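Keep in mind the model is a prediction, meaning the values are calculated, not measured. FYI, side chains are in, hydrogens and waters are out, and symmetry mates aren't considered; it's all heavy atoms of this structure. To find a chain, count down the sequence lines: A is the first, B the second, and so on, and within it residues start at 1.
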Amino acid sequence: MDATKTVYVGSIPFDQTEEQVMEIAKSIGPVVDMKLLFDPLTGKSKGYAFVKYTDHETAASAVRNLNNFALGNRMLKCSFSSDNSISSEFGVENGVAGSSGSYEASDSNSLPALPPGMQLFANQTPPQAVSGALSTLDQASAYQLIAEAKQMAKTNPQLTRTLLEQCPQLAHALVETCLLLNMVTPDIIQMCLNKKMTDIDQLSVDHVELLKQVNSLTEAETNSLPEDKRKVVIQIRDEIKKGSYGTIY
DNA sequence: GTTGAGCGTT
């Protein structure tokens with residue numbers, strides 16, 4: 001057992017099965033090992049479990065998110081497992097995001113260690129925390145953030161995908177930053193999420209007009225555009241052809 | 001109702 005990756009979960013209602021506890025544990029991240037303890041004589045749950053995660057940061061996330069989690073008529077208790085057999089080299093982490101360590105990737109095809117998560121305030125939702133963090137960002141930094149994200153997406157789309165999958169709050173932050181900078185509008189975001197729009201009414205009149213204009217550009221007009229803009233026009237036309245925007249005419 | 005088995009003894 002590894003005390004840096006393993007959490008103690010206590011105050012589990014006695015009627016919870018191992019499967020049910022596993023589901024809750026997995027809501028935090030991949031689980032390597034889980035043991036709900038039972039009294040060998042009575043067969044009843046002892047109301048506590050040990051959950052081993054793949055890494056320390058996921059375990060830390062469990063401590064933050066599972067402690068005081070309401071389950072049945074009880075509040076779960078979650079902390080790093082105390083392990084008397086191994087002297088703990090890590091103090092218990094009370095922690096807010098990381099100051100220590102470098103996050104440089106060893107090579108361009110693997111992600112560096114990502115910074116740890118942060119403690120949410122009471123009643124604060126993750127999106128609120130992201131918005132709060134972004135509110136401290138000045139406009140120039142915001143533009144730089146988007147530019148760097150775009151650069152990364154172009155030079156290494158696979159790694160970018162991995163990063164955003166592992167760190168959905170970053171994806172959220174990037175989208176929100178684009179909105180703050182007026183690079184996109186909410187209905188465009190909506191469209192990307194839906195991929196297919198069956199209801200054209202959800203597009204603003206301006207957008208419909210714009211799509212019509214793009215779609216009706218002549219070959220000569222299209223060819224006179226700079227390379228990058230021409231690509232976008234062609235892409236939009238393809239989308240219209242595929243019906244991604246519904247029927248605009 | 002709050003930190004991991006059991007055997008069997010360094």
Side-chain angles (χ1 to χ4, degrees), chain A residues 1-103 106 110-133 162-173:
Chain A
M1 72 206 75
D2 183 333
T4 69
K5 301 176 181 176
T6 304
V7 296
Y8 162 84
V9 184
S11 211
I12 301 169
F14 289 147
D15 61 358
Q16 291 288 307
T17 65
E18 218 162 6
E19 286 74 22
Q20 289 171 310
V21 174
M22 182 59 124
E23 284 311 306
I24 293 165
K26 282 201 292 202
S27 71
I28 304 300
V31 172
V32 174
D33 191 36
M34 199 283 302
K35 185 178 286 181
L36 178 62
L37 278 85
F38 291 88
D39 184 309
L41 294 179
T42 67
K44 296 290 182 191
S45 162
K46 293 172 87 164
Y48 60 91
F50 294 90
V51 182
K52 181 175 178 182
Y53 288 100
T54 52
D55 54 76
H56 179 59
E57 289 315 326
T58 309
S61 174
V63 172
R64 288 193 304 272
N65 293 293
L66 254 30
N67 192 36
N68 293 323
F69 181 84
L71 183 60
N73 54 353
R74 305 192 70 86
M75 299 283 257
L76 295 183
K77 293 297 156 203
C78 187
S79 57
F80 280 101
S81 158
S82 53
D83 183 349
N84 302 330
S85 68
I86 299 174
S87 63
S88 62
E89 38 194 313
F90 289 79
V92 171
E93 179 151 337
N94 287 321
V96 175
S99 41
S100 64
S102 93
Y103 295 119
S106 50
S110 65
L111 289 172
L114 297 173
M118 54 179 281
Q119 181 69 53
L120 298 176
F121 297 119
N123 299 323
Q124 187 187 33
T125 64
Q128 285 169 341
V130 170
S131 296
T162 304
L163 172 66
L164 294 178
E165 281 171 352
Q166 283 188 17
C167 198
Q169 59 270 52
L170 176 59
H172 185 103

Trainee: Please report the distance separating the C1' of B:dT2 from the corresponding atom of B:dG6, rounded so that it comes out in whole Å.
Mentor: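 Here B:dT2 and B:dG6 have their C1' atoms 22 Å from each other.
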Trainee: Let me spell it out: for each of A:Phe14 and A:Leu37, pick the nucleotide of DNA chain B with the closest heavy atom. Which residue's pick is nearer the 5' end?
Mentor: A:Phe14
Trainee: Which class fits the ring pair A:His56 and A:Phe80: parallel under 30°, tilted 30 to 60°, perpendicular over 60°?
Mentor: parallel
Trainee: 5'-most contact on DNA chain B: A:Lys46 or A:Ile12, nearest heavy atom basis?
Mentor: A:Ile12
Trainee: Taking A:Tyr8 for the side chain and A:Lys77 for the main chain, is one N or O donor matched with an acceptor at less than 3.5 Å?
Mentor: no
Trainee: Looking at side-chain heavy atoms only, is the closest gap between A:Thr125 and A:Pro127 below 4.5 Å?
Mentor: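 Touching, per the 4.5 Å side-chain cut-off.
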Trainee: Does the side chain of A:Phe50 come within less than 4.5 Å of A:Leu37's, by heavy atoms?
Mentor: yes
Trainee: Go through DNA chain B in 5' to 3' direction and return only the first and the last nucleotide with some atom under 4.0 Å of chain A's heavy atoms.
Mentor: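 Both ends considered, the range comes out as B:dG1 to B:dG6.
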Trainee: Applying a 4.0 Å non-hydrogen cut-off, can you work out what A:Tyr8 is touching in the nucleic acid: base, sugar-phosphate, or nothing?
Mentor: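 Touches a base.
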Trainee: Which pair of heavy atoms, one from A:Thr17 and one from A:Leu36, lies closest together, and at what distance?
Mentor: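 It is C-CD2, 4.0 Å.
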Trainee: Pull out every residue in residues 68-78 of chain A that has a heavy atom closer than 4.0 Å to any atom of DNA chain B, ordered by number, or say none.
Mentor: A:Arg74, A:Lys77
Trainee: Under 4.0 Å, heavy atoms only, any strand: does A:Thr6 hit a base, just the sugar-phosphate, or nothing?
Mentor: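 Base: the residue A:Thr6, judged by heavy atoms under 4.0 Å, touches a nucleobase.
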Trainee: Taking atom NZ of A:Lys35 as the centre, does the number of heavy atoms from other residues, nucleotides or ligands within less than 6.0 Å exceed 12?
Mentor: no
Trainee: Could you report the tightest heavy-atom contact between A:Ala62 and A:Ile28, atom names first, then the distance?
Mentor: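 Closest approach of A:Ala62 to A:Ile28, heavy atoms only: N-CG2, 3.5 Å.
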Trainee: Working to the nearest 0.5 angstrom, can you tell me the gap between A:Met75 CE and A:Asn67 CG?
Mentor: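 These two atoms lie 8.5 Å from each other.
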